[in-house]
Amino acid sequence: MRKVVLSLLVIIALALLANVLFYWPASIDKTALVRAAEKYQVRIIRDEFGVPHIYGKRDVDTAFGLAYAHAEDDYRTIEDVILATRGTLAAVKGADAAKTDYLIQLMGVWEAVDEGYNSQISQQTRDIAQAYADGINLYAAKHPEQVSNFALPVTGKDLVAGFTFKLPLFYGFDKVLGEVLDPATPRRLAIHGEQALQFTGKQQPEMGSQGVAIAPHRSSDGKTRLLINSHQPLTGPVAWYEARVHSDEGWDMAGSTFPGAPIILHGHNPFLGWSNTVNKPDLVDVYQLQLNPENDNQYWLDGEWKALEQRDANIVVKLFGPIRWTFKEPLYFSAHGPVFKLEHGAFALRWAGMGETRTLEQYIALNKATSQTEFEAALAMGTQPSINYVYADAKGNIAHYYNAMFPSRVEGWDWQSDLPGDRSELIWQKYLPFSAVPKTVNPPSGFVFNANNTPFVSSVGEGQPTPEQFSQTMGIETEMTNRAHRLIRILNSSEKLSKADLQRIKYDLTYDIESEGMLSFQDFIRAPLPAGNEDIGEAFNWLSQWDHQTNTENPHAALAMLTLEPLLDFRHREDNPDLIESLRKAQQYLLKHFGRIDPGYGELNRLKRGQQEWAIDGGPDTLRAIYTETDEQTGKRYAVAGDSYIMFVEWDKDGGVSSSSVHNFGSATLDENSVHFADQSPLFVGMKEKPVRLEIDDLLQHATRDYSPLD
């Protein structure tokens with residue numbers, strides 16, 4: 001028996017060793033990575049806040065420098081992004097990361113990239129992607145102690161694949177996938193001719209964003225103004241990183257980007273600028289398949305059984321130390337897309353942007369656009385699955401574009417329900433043209449905005465799109481956010497808008513009386529407190545005195561925000577919440593952690609960075625958007641998302657551009673020893689900005705470092 005056990009152990013050990021040998025990362029030739037970087041010439045100038053300003057003769061030089069500078073400040077996150085995009089994150093992080101690796105293979109990201117990289121993407125785009133990859137590789141070669149060889153060498157394909165993978169997640173592809181996999185989620189099969197359900201926009205973004213553009217005739221001084229104010233997690237793979245890029249080939253952008261993105265995602269150049277906000281039209285379709293009861297690898301389509309395509313998802317998972325194991329999970333595909341065989345049915349998915357590899361090319365065109373015509377031509381490339389654009393330019397044009405890849409769907413079906421999987425005419429193949437996208441361009445009101453609300457309310461008065469102009473198959477959102485209600489109210493209350501007015505609007509701390517949450521709140525406090533709840537009588541009276549504000553000194557806001565969380569915070573929103581029970585829990589929470597129900601709101605609402613922390617104004621779905629997580633020990637709530645990178649842009653009557661900005665922390669994203677780890681946080685909590693130094697002479701007077709990566 002002992003010999004048998006020993007034999008089994010030897011076999012297992014050999015099997016493990018085979019995996020270790022196969023999946024142990026190959027030794028990387030660091031010298032080759034350095035040689036690959038020698039063809040680039042770039043100058044990086046760090047301003048007084050450590051923000052990199054990157055100057056290159058060619059676009060590729062600038063992309064190379066952007067990658068190197070970003071890696072200096074946040075290499076670890078960039079590496080994680082690369083590993084996730086490759087579907088190899090679990091090989092480094094362990095089993096918890098396996099679901100991301102599985103999703104990459106399910107979505108067919110690398111099949112699309114391998115097929116389209118050389119045939120669909122221009123040489124210019126591939127060169128910029130590779131230059132950015134070379135910048136990361138150079139940093140890795142110079143700092144091997146920070147690097148996992150599983151990530152090296154980074155290639156241009158890695159950067160292109162990142163867009164193919166991540167962008168569908170912005171409009172909620174992963175949420176729909178989760179609903180399909182959950183047997184408790186009710187399914188509804190669409191029937192042809194049955195009236196389509198009105199799309200209510202309940203797929204609201206968990207946080208939000210906003211952008212505002214003001215035309216010269218609505219400004220107090222004739223300037224064109226733009227507010228850029230996306231709301232993202234404060235750290236991690238989709239946290240903002242500020243940079244300025246400049247090349248002699250016409251690339252000249254200031255703004256912010258994500259780890260692993262070789263361009264500026266939103267910001268401005270000398271001619272124009274834009275703010276992005278998340279939109280979530282209906283861009284995912286679920287098909288109910290009929291599988292052959294005698295062969296469940298066949299499905300019924302157009303009157304005959306068709307074979308499912310099958311392949312394995314091979315997921316390498318770190319077990320412990322150097323030991324890794326390959327887990328195999330079968331993947332199935334029909335003509336619709338990936339297929340799930342589940343106990344509650346068989347389902348196929350199809351989504352906007354599946355297999356799309358040209359998104360970086362569109363972003364480059366947007367970065368280099370010099371007019372509204374060129375900007376719209378870039379949008380018309382139609383490679384971004386979703387994302388709103390709030391636009392302004394030096395000539396005084398303003399616009400809101402409800403940009404998305406809208407599938408060209410058959411009319412007469414409720415596309416918000418499951419579709420029958422046996423009819424090939426329901427498997428859409430094309431997208432609607434850019435001309436079909438809802439847009440508001442130069443409205444008479446002189447302003448446009450978006451705050452994750454319906455595109456049918458993007459200004460006031462004439463010039464806005466109306467629901468009757470668009471097919472219900474597009475699934476366009478119809479909801480309003482609190483932020484949208486506030487923007488309408490404040491923007492429309494002033495004849496002329498100054499820079500100070502726009503700043504006041506951006507940092508508004510109010511919940512609007514017309515918002516859904518506040519209407520429910522008013523109903524709650526107007527009704528008498530039911531008998532048997534005397535224990536919360538004082539708290540109820542205190543709550544009823546709240547003025548809907550979220551300023552740090554406010555003595556009512558802490559109780560209000562804790563009580564109304566299921567109404568106000570998208571992450572925890574409930575239908576018809578029990579506000580009496582919520583108030584009771586809020587009272588208990590405040591008494592436990594603060595000893596009273598009326599602490600100043602800033603005692604509860606905090607921004608933390610390393611060992612420092614500050615009181616901060618704002619709350620969920622206010623224009624000063626702050627989303628928090630609770631420290632269970634102290635009871636304080638620390639900001640984790642929402643307001644992060646904020647930018648104000650102005651063009652004067654002669655077309656001259658200037659801007660100011662602020663980041664929630666600072667340019668040194670991970671280095672706690674850097675002076676730039678949290679040097680912008682006091683400005684951020686004080687609701688102030690710093691100048692963006694667009695002229696090199698001005699920049700050099702405030703430079704803290706001036707260097708080349710190859711020095």
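One is the number of the first residue; the rest follow in order along the sequence.
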**Asked** Where is the tightest heavy-atom contact between Glu79 and Ala151, given as atom of each residue plus distance?
**Response** CG-CB, 3.6 Å
**Message:** I need the Asn664 CG to Leu234 CG distance, nearest 0.5 Å.
**Reply:** 4.5 Å
**Message:** Atom CG of residue position Asp96 - does it have more than 12 heavy atoms of other residues, nucleotides or ligands inside 6.0 Å?
**Reply:** no
**Message:** For Tyr389, is there any backbone N or O sitting under 3.5 Å from a side-chain donor or acceptor partner on Asn403?
**Reply:** no
**Asked** Taking the side chain as C-beta and beyond, is there a heavy-atom pair between Met253 and Trp251 under 4.5 Å?
**Response** yes
**Item:** Ion pair Asp61/Arg43, N-O distance below 4.0 Å
**Value:** no
**Prompt:** How far does NE2 of His702 sit from CD1 of Ile45, to the nearest 0.5 angstrom?
**Reply:** 13.5 Å
**Message:** What I'd like to find out is whether the side chain of Lys142 reaches to under 4.5 Å of the side chain of Tyr68, using heavy atoms alone.
**Reply:** yes
**Message:** Counting neighbours of CD on Glu38 that are heavy atoms of other residues, nucleotides or ligands and sit closer than 6.0 Å, is the number greater than 12?
**Reply:** yes
**Message:** Measuring from atom CG of Leu360 to atom OG1 of Thr125, what distance do you get when rounded to the nearest 0.5 angstrom?
**Reply:** 5.5 Å
**Complete:** Heavy-atom closest pair (Ala378 atom, Leu366 atom, distance to 0.1 Å) is CB-CD2, 3.6 Å
**Message:** Would you say that more than 12 heavy atoms from the other residues, nucleotides or ligands in this model lie under 6.0 Å from the NZ of Lys430, or not?
**Reply:** no
**Message:** Can you confirm whether more than 12 heavy atoms, excluding those of Glu629, are under 6.0 Å from its CD atom?
**Reply:** no
**Heavy-atom donor-acceptor pair, Arg86 side chain to Asp158 backbone, under 3.5 Å** = no
**Request:** In sequence, state the C-alpha distance, the side-chain angles, and the governing distance for Trp110 and Ile104, and then conclude on side chain to side chain contact (heavy atoms under 4.5 Å, CB included).
**Result:** CA-CA 8 Å; Trp110 280 95; Ile104 289 283; 3.9 Å; yes
**Request:** I would like to know whether Phe64 and Ile54 meet side chain to side chain contact (heavy atoms under 4.5 Å, CB included); could you show each step before the answer?
**Result:** CA-CA 9 Å; Phe64 169 80; Ile54 297 137; over 6 Å; no
**Prompt:** Can you list the steps and then say if Asp101 with Glu329 is a side chain to side chain contact (heavy atoms under 4.5 Å, CB included)?
**Reply:** CA-CA 11 Å; Asp101 295 348; Glu329 184 70 23; over 6 Å; no
**Message:** Between Trp274 and Tyr401, is the ring centroid distance below 6.0 Å?
**Reply:** no
**Request:** Supply the atom-to-atom distance Leu683 CG to His663 NE2, rounded to the nearest 0.5 angstrom.
**Result:** 13.0 Å
**Request:** Working to the nearest 0.5 Å, report the span between CZ of Phe684 and OG of Ser644.
**Result:** 6.5 Å
**Asked** Less than 4.5 Å apart, any side-chain heavy atom of Leu710 and any of Leu138?
**Response** yes
**Message:** Given 3.5 Å as the limit, does a donor-acceptor pair link the side chain of Thr164 with the main chain of Glu356, or not?
**Reply:** yes
**Asked** Can you tell me if Gln429 uses its side chain to pair, donor with acceptor, with the backbone of Ile427 under 3.5 Å?
**Response** yes
**Asked** So, are Asp59 and Lys368 salt-bridged, with charged N and O less than 4.0 Å apart?
**Response** yes
**Request:** State whether Asp134 and Lys39 are salt-bridged, where the test is any N-O pair (Lys NZ or Arg NE/NH1/NH2 against Asp/Glu carboxylate O) under 4.0 Å.
**Result:** yes
**Prompt:** Where do Thr77 and Pro259 come nearest, in terms of heavy atoms and distance?
**Reply:** CG2-CG, 3.7 Å
**Asked** Around atom NZ of Lys57, are there more than 12 heavy atoms of other residues, nucleotides or ligands at under 6.0 Å?
**Response** no
**Asked** Taking side chain as C-beta onward, heavy atoms only, is Ile364 less than 4.5 Å from Gln124?
**Response** yes
**Request:** Would you check if there is a donor-acceptor pair between the side chains of Tyr40 and Arg58 at a distance under 3.5 Å?
**Result:** no
**Request:** Would you check if His231 and Asp643 make a side-chain contact, meaning some heavy-atom pair closer than 4.5 Å?
**Result:** yes
**Prompt:** Is there a donor-acceptor contact under 3.5 Å from the side chain of Arg324 to the main chain of Ala91?
**Reply:** yes
**Asked** Is the CZ atom of Arg311 crowded by more than 12 outside heavy atoms at less than 6.0 Å?
**Response** yes
**Request:** Check His676, Gln701, Lys690, Arg693 against Glu48 for a side-chain hydrogen bond (donor to acceptor under 3.5 Å, both in side chains) and give me the one that passes.
**Result:** Arg693
**Prompt:** When you check the side-chain N and O atoms of Ser230 and His266, is any donor under 3.5 Å from an acceptor?
**Reply:** no
**Prompt:** If you round to the nearest 0.5 Å, how far is OH of Tyr75 from OH of Tyr139?
**Reply:** 8.5 Å
**Message:** Tell me the closest heavy-atom pair linking Ala678 and Gln612, and the distance in Å.
**Reply:** CB-NE2, 4.0 Å
**Asked** So Val657 and Asn269, side chain to side chain contact (heavy atoms under 4.5 Å, CB included) or not? Walk me through it.
**Response** CA-CA 8 Å; Val657 66; Asn269 62 33; over 6 Å; no
**Prompt:** More than 12 heavy atoms of other residues, nucleotides or ligands under 6.0 Å from CD of Gln120: is that the case?
**Reply:** yes
**Asked** Does atom CD of Glu111 have more than 12 heavy-atom neighbours, drawn from other residues, nucleotides or ligands, at distances under 6.0 Å?
**Response** yes
**Message:** So Pro338 and Trp351, do their side chains get closer than 4.5 Å, heavy atoms only?
**Reply:** yes
**Message:** If I compare all heavy atoms of Tyr627 with all of Gly642, which pair ends up nearest, and what's the gap?
**Reply:** CD1-CA, 3.8 Å
**Fill in**
Residues Phe333 and Leu106: closest non-hydrogen pair is CE2-O, 3.6 Å
**Message:** Using 30° and 60° as the class boundaries, would you call the ring planes of His70 and Tyr241 parallel, tilted or perpendicular?
**Reply:** parallel
